[in-house]
Amino acid sequence: MQALVLTAPNDFRVKEVPDPKPGPFEVLCRVERVGICGTDVHMIHGDYPMWPAFYPFTPGHEWSGQIVELGAGAEEFGWAVGDRVVGSSHAPCSFCANCIRGRYNLCLSYNNPKLHSHYGHTKQGSYAEYVVHSIRSVFKIPGGLSYDEAAVADPASIALHCANRGQVSDGHTVGVIGAGPVGILAAEAARTLGASRVVFAARGARLGVVESLGFEVVDTNVDDPAGAFRDVVGRGADVVLDAAGTPQSIPMALGMLAAGGRCATVGIPTSDVTASLSQLVLNELELVGSRAVTGEMAAVLDFIADGRVRAGKMITHRFPLADFGTALDVADRRTDGALKVLIDMSLS
Ligand SMILES: [Zn+2]
Ligand SMILES: [Zn+2]
């Protein structure tokens, strides 16, 4: 099959590799669409010490496709050749103390490749004609949902997990930092969970994008962005969802919170963060991390199918696998207002 193969940071090409084979409780899927994730961009640039786990490596984890072969045992769990599915990146061990408690995103077997797969990070991913996934980490696409929209389900599930970590509920005022796909999808998730008001703290070209999607925006291109946010929102946000995860965004998020508020951050900071924490104590603020998902995929597929999460609005560009280099550049530089750039395997 044809696959994207990364042999060192920034050194990749599309080439012929052997077809993968499904093992027990795995399925082989033909890939239809793959979204380029911000994590892929960082991984390919060599920004993360832990990912990819080895070279040569095929990244990619936001995919939709169809089952073409079942490994032993998959049929017992109701899987069939022809099922349309999306992938979720973590396939946990299911036996450790954290898995048993349902927090399988924190599986204690993460670093043991015999027990745990993190597709596109520690196991071969989906920038390829075919991908093997555990049946723990594929989900059926609801009828009527396109492969395009389904390919956005993975970042949408991560955004919903962030909103859940922030404990967004009825009547909350929610601030969102980061107007890329995960931030926008987190804002959609917050509305779905009952937030009465969702206000973006954003700047630059993407400010207009979130405004056109019907969200309130505060321009943070000022000396005191948290103050600008509070001028608009009043007492501050009950919950801030931080999809940026930068040394600037986390202190800003804390400054945007109302007393008793909670910030959930999903962007992975690639450098240290300095923040004054006196208000964390005096206002009983909470700062929580949000990693991957703990079972949000099924719900988010329903939210996408009924239009509450507008996944299709994220898709701005598509390229064949052969043009991966161009696609990566468009995603990285946000060329022409790029949000979600898809690799469309039906193009050649
Ligand atoms: Zn992703
Ligand atoms: Zn585990």
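Just so you know, residue 1 is the first one in the sequence shown, and it goes up from there. Each ligand, and each atom within it, is numbered from 1 in the order the structure gives. Not measured: the values here are computed from a predicted model.
- His42 and Asp47 share a side-chain donor-acceptor pair at under 3.5 Å.
- Take the Zn ion (ligand 1) as the corner point: the lines to NE2 of His61 and to SG of Cys37 open at 100°, to the nearest 10 degrees.
- The shortest heavy-atom contact between Met252 and Thr220 is CE-CG2, 4.0 Å.
- Classified by interplanar angle (parallel below 30°, tilted 30° to 60°, perpendicular above 60°), the ring pair Tyr48/Trp51 is perpendicular.
- Separation of the Tyr119 and His61 ring centroids does not fall under the 6.0 Å cut-off.
- Of all N, O or S atoms in Glu62, the one lying closest to the Zn ion (ligand 1) is OE2.
- The Zn ion (ligand 2) forms the vertex of an angle spanning SG of Cys96 and SG of Cys107; to the nearest 10 degrees it equals 120°.
- Distances from the Zn ion (ligand 1) show that Asp154 has no N/O/S atom below 2.8 Å.
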